[in-house]
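One structure is given here, and the rest of the page talks about it.
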There are 2 protein chains.
Amino acid sequence: MKINEGVEWAAHCCLLLNWMEADGPVSTARLAAGYGLPPAYLNKQLQPLVKAGVLTSTAGKKGGFRLAKGLGDITLMDILTAIEGPDEAFKCAEIRQAGVWADLPASAFRAPCAIDTAMRSAELEWRRALAAQTLAQVQANAELQAPGLRRQVQDWYAAR
Amino acid sequence: MKINEGVEWAAHCCLLLNWMEADGPVSTARLAAGYGLPPAYLNKQLQPLVKAGVLTSTAGKKGGFRLAKGLGDITLMDILTAIEGPDEAFKCAEIRQAGVWADLPASAFRAPCAIDTAMRSAELEWRRALAAQTLAQVQANAELQAPGLRRQVQDWYAAR
DNA sequence: GGAGGGTTACTCGGATAGATCGTGTCCGAGTCCAAGGGG
DNA sequence: CCCCTTGGACTCGGACACGATCTATCCGAGTAACCCTCC
């Protein structure tokens, strides 16, 4: 039960892409350099975001990634599902249907597994909280805590 | 991001152990037979629960596992942390401290990473929901949906 | 000067290895029960 | 009849393979910009 680090990378990149929006597409190499990440692997992590409609990619010279929509329309849930896939973390294997319960009539399984229900509802709380957090809010918090950072990052990239 | 199936196994076993409490310890072989699981692997999954103080184990003939406390004192969170470990699913690697941010003064990192904060708070919601669910509640729901099941299971084990 | 074509350099995207973690199995140390013998 | 010893079988616990997923890298198809030539 460990979340791919690509989720963190993607979130950071989205925030950065928003800051760099005026400069056109940003290539994987530039993004990776900003965070000290392996460029090729970062590229691989960003690809599912393109498929999910969070980013758009353009090839060729001066190509790179760009936000497909505003930060307010992107939630942490979007990023997670794009990279981790749509499946839930807890997967009920219905082990109760074997052994002791194998001889029971099928009607006994009409009701869902109580454990599965409890685990699902808890996980739903998590996903609900993730879906409630837009990247716009996250960025607002970040800029609130470090007001000059945005300009500093833009300058660093401009001089590169 | 996939939860070990051992979590589901452990939860089911705890409920079963509660039903079989009067019969003394239940061995791994009997537990596994009840769910059609590989006995040795189930044993391996239950061991951390003993270390966590959820179960007690006794060796030798007529040995096996037994609940260390009442179902009301065991939460889904206990089981999860016992098997998955205490670490959180989302681990912030502080990638913001490399590249662009490498030259910034240390004071810039006094404030926590905004992404980390948002992810953590969402995950906390999940853990809070898990900690609020005791196995006693889960079992109550299960027995409510299938009233005769408890007796049926006890009989199956008694005849074995 | 402007337009068109070719070159070039750079981009993403997917196909290909290595590392880490989850899954499954096996055997040994320890222990409890039971039976048998002696008092 | 009761107690102690001895044997045995069964248990958990950890050490040992296998497989899948995550991590990391490489190379190729494609494309947009640029430059040079020609009109």
Side-chain angles (χ1 to χ4, degrees), chain A residues 1-10 13 17 20 23-33 35-52 54-68 80 82-85 87 89-91 93 95 160, chain B residues 1-10 13 17 20 23-33 35-68 80 82-87 89-91 93 95 160:
Chain A
M1 190 202 53
K2 192 167 66 70
I3 293 180
N4 288 17
E5 53 188 352
V7 173
E8 184 188 2
W9 297 5
C13 285
L17 285 175
M20 307 291 292
D23 297 11
V26 182
S27 73
T28 303
R30 285 167 72 82
L31 281 172
Y35 294 106
L37 301 175
Y41 187 33
L42 175 61
N43 186 345
K44 189 178 178 60
Q45 296 282 29
L46 293 182
Q47 284 176 23
L49 291 183
V50 175
K51 289 206 177 81
V54 175
L55 302 181
T56 58
S57 64
T58 58
K61 217 168 186 175
K62 297 260 180 184
F65 291 96
R66 196 193 302 235
L67 287 175
L80 189 90
I83 293 183
E84 293 285 346
D87 294 344
F90 182 84
K91 186 66 187 166
I95 62 173
R160 207 180 164 74
Chain B
M1 190 201 53
K2 190 167 67 71
I3 293 180
N4 288 18
E5 53 188 351
V7 173
E8 184 188 2
W9 298 4
C13 286
L17 285 175
M20 308 290 292
D23 298 8
V26 183
S27 73
T28 303
R30 284 167 72 82
L31 280 172
Y35 294 108
L37 302 175
Y41 188 32
L42 175 62
N43 187 346
K44 187 180 178 62
Q45 296 282 28
L46 293 182
Q47 284 176 24
L49 291 184
V50 175
K51 288 206 175 81
V54 175
L55 301 181
T56 59
S57 64
T58 58
K61 217 167 185 176
K62 297 261 180 184
F65 292 94
R66 195 193 302 234
L67 286 175
L80 189 89
I83 293 182
E84 292 285 346
D87 294 343
F90 182 83
K91 185 67 187 165
I95 63 173
R160 208 183 164 73

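From a predicted model like this one, the values you see are computed outputs, not experimental measurements. Naming: A, B, ... by sequence-line order, numbering from 1 per chain.
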Original post:
Within less than 4.0 Å of OP1 or OP2 of C:dT25, is there a side-chain N or O belonging to B:Tyr41?
Top reply: no
Original post:
Atom OH of A:Tyr35 to atom P of D:dA24: distance rounded to whole Å?
Top reply: 17 Å
**OP:** Would you kindly give the CG-to-P distance between B:Leu80 and C:dG22, to the nearest whole Å?
**Re:** 12 Å
Original post:
Can you tell me how far C1' of D:dC22 sits from CD of A:Glu84, to the nearest Å?
Top reply: 10 Å
**OP:** Indicate yes or no: at least one non-hydrogen side-chain atom of A:Pro48 is less than 4.5 angstrom from one of A:Val54.
**Re:** no
Residues 59-68 of chain A side chain polar contacts: donor-acceptor under 3.5 Å, at least two apart:
none

**OP:** Return the value, rounded to whole Å, for the distance between atom CD1 of A:Ile3 and atom P of C:dC21.
**Re:** 16 Å
**OP:** Sorted by first residue and then second, give each side chain to side chain donor-acceptor pair (under 3.5 Å) pair with at least one member in residues 46-56 of chain B; sequence neighbours left out.
**Re:** B:Asn43-B:Gln47
Original post:
Listed by chain and number, what are the side chain to side chain contact (heavy atoms under 4.5 Å, CB included) partners of B:Ala89, not counting sequence neighbours?
Top reply: A:Met1, A:Ile3, B:Glu123
Subject >> Length of the CG-C1' vector between B:Leu42 and C:dC26, whole Å >> reply: 16 Å
Original post:
With A:Tyr35, which residues qualify under side chain to side chain donor-acceptor pair (under 3.5 Å), at least two apart?
Top reply: none
**OP:** Can you check each nucleotide of nucleotides 5-19 of chain C against protein heavy atoms at under 4.0 Å and return B for base, S for sugar-phosphate only, - for none, in 5' to 3' order?
**Re:** -----BBBBBB----
**OP:** With sequence neighbours excluded, tell me which residues meet side chain to side chain donor-acceptor pair (under 3.5 Å) with B:Gln45.
**Re:** B:Tyr41
Original post:
What is the distance from CD of B:Gln45 to C1' of D:dG13, rounded to the nearest Å?
Top reply: 14 Å
Original post:
Quick one: B:Asn4 CG to D:dT21 P, roughly how many Å, whole number?
Top reply: 13 Å
Original post:
Using a cut-off of less than 4.0 Å, is there contact between a side-chain N or O of B:Lys2 and OP1 or OP2 of C:dT23?
Top reply: yes
Original post:
How many Å lie between CE on B:Met1 and P on D:dT21, as a whole number?
Top reply: 13 Å
